[in-house]
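Right, one structure below, let's go through it.
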Amino acid sequence: MKISKTQRGRAAAAVSVAAVLALTATACGDDGSGSGTEGSGKGDITFWDNNGGPRTAVWTEIIKDFEKANPDIKVKYVPIPIADVQSKYDTAIAGGGLPDVGGVGTAYLANMVSQEALEPLTDRIEDSALKGKLVEGMAESVKDAGGRGDDMFAVPTSANNGAIWYRTDLFESAGLEAPTTWANFYKAADKLTDSKKNKFGYTIRGGAGSIAQAMDAAYGQSGITEFWNGDRTTLNDPKNVAALEKYAALYKKSTPAADVNNDFTKMVAQWDTGTIGMLSHNLGSYQDHLKALGKEKFAGIPNPIGDGGTRVQVSNPVDGLGLFRSSKNKTAAWKFIEFAASHASNSKWNESAGAIPANTEAAKDPWISAAEPTELAAKALTDGSTKIVQLPYYLPDWNNISKADNEPEFQKLLLGKVTAKAFLDKIAEELNKAQAEWKEIGNG
């Protein structure tokens, strides 16, 4: 499965100025740059879950299985809310207190690599049972995001994919076709809305995590398939501007007003309990919908096809597990990573999350064909029907630019306080600058 194309640096990325200052200030303390030790392979290790809450139950099972197989190792589980994970890591890198193992997504991997917080894992993978057992596309995504050649700074565990979740019962009652095209999507958003009865065709993500969804909608409609045109981003291309204008105009017309503050938790809960026709979210919410609605009332399909007949979507981060340089028991920590990424554990985790496994053996398990949204997503990524716009996860500033720094600006867009062009121009300027700085330090 080819999720990512090679766009990594040919030389080791230099530590950013901010990282240098942070490391200098804490050089005498227990910061993330410490070399740590291999340890005895026994005793206690700490694991930070980067999606604490939604994934706590399945991690509890995996940890129990691991401790049964490795009675000399105890895992302290710390659930970190997904919205707080990068700030938690940054704080711990600067001031100490990093775990032995942590969940690390490619969206913020480069930032952590630039601060020298993570142990390179290429050699450990080669010498382990994981050799040859990781889906090639996901492994490439991790290498790309790390920005240091073929070094891997996380073991991939899963890939996600955007989906349109829609209420099949409401669509059938209204005589609507499935939202397989953007034309069908907008038609359904309008027809299923009756605000006086608190019925809406769509719920839009206005809070945390809104930028990636907005980019997906823009590129999906414009049909642009490359994020860069030379050294400048295509994000603010006039076609993307027009697409985002149309998408943002759904707010309050075909969506609830409360959507302006919705993160994924609120958005999913609102869709599961209300009378909203469609929701854009990844495969991770499948189990929530199943429990709330039952299998007969909803379906999940890949993102809509554009007017040109092609499905275009932005790349989704690959999730994984990282080993921290400062760990005092790297041997035990690596045992846990190897166990969690093994066939049985990786299959268990991804079945719970409705995501695509990174372990090649887990990716063949029967549950995938039984979970139709996951099966359709996996096919969309492998059958040539989908063009992926590769987002620049390798930029150390990517996560800040695409999240906290600009999420308030997207809310202003929904509220009509800024234009789609001004919104995209601001992000484009920041990305062009970040790309230039990245190349100046010997990358690309």
field: Straight-line distance of Met215 CE to Tyr247 OH, nearest 0.5 Å
entry: 13.0 Å
query: Could you state the interatomic distance from CD1 (Ile401) to CG (Leu431), rounded to the nearest 0.5 Å?
result: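 Going from CD1 on Ile401 over to CG on Leu431, the span is 4.5 Å.
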Please confirm whether the ring centroid of [X] lies under 6.0 Å from the ring centroid of [Y].
X      : Y      : value
Phe410 : Phe423 : yes
Tyr393 : Tyr108 : no
Trp271 : His289 : yes
Trp48  : Tyr89  : yes

Heavy-atom donor-acceptor pair, Ser87 side chain to Asp84 backbone, under 3.5 Å: yes
Main-chain N/O of Asn346 paired with Asn350 side-chain donor or acceptor, under 3.5 Å: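 Checking the backbone N and O of Asn346 against the side chain of Asn350, a donor-acceptor pair under 3.5 Å is found.
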- prompt: Can a donor-acceptor pair be found between the side chains of Asp231 and Gln435 at a distance below 3.5 Å?
  reply: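 No - no donor-acceptor pair under 3.5 Å links their side chains.
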query: Should the pair Lys403-Glu407 be classified as a salt bridge under the 4.0 Å nitrogen-to-oxygen rule?
result: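 No, Lys403 and Glu407 are not salt-bridged.
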- prompt: In terms of ring plane angle, is the pair Trp349 and Trp59 parallel, tilted or perpendicular, where the classes change at 30° and 60°?
  reply: tilted
- prompt: Mind checking whether Tyr394 and Trp438 have parallel, tilted or perpendicular rings, split at 30° and 60°?
  reply: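 Tyr394 vs Trp438 ring planes: tilted.
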Which atom of Leu283 lies closest to which atom of Asn160, heavy atoms considered: N-OD1, 2.9 Å
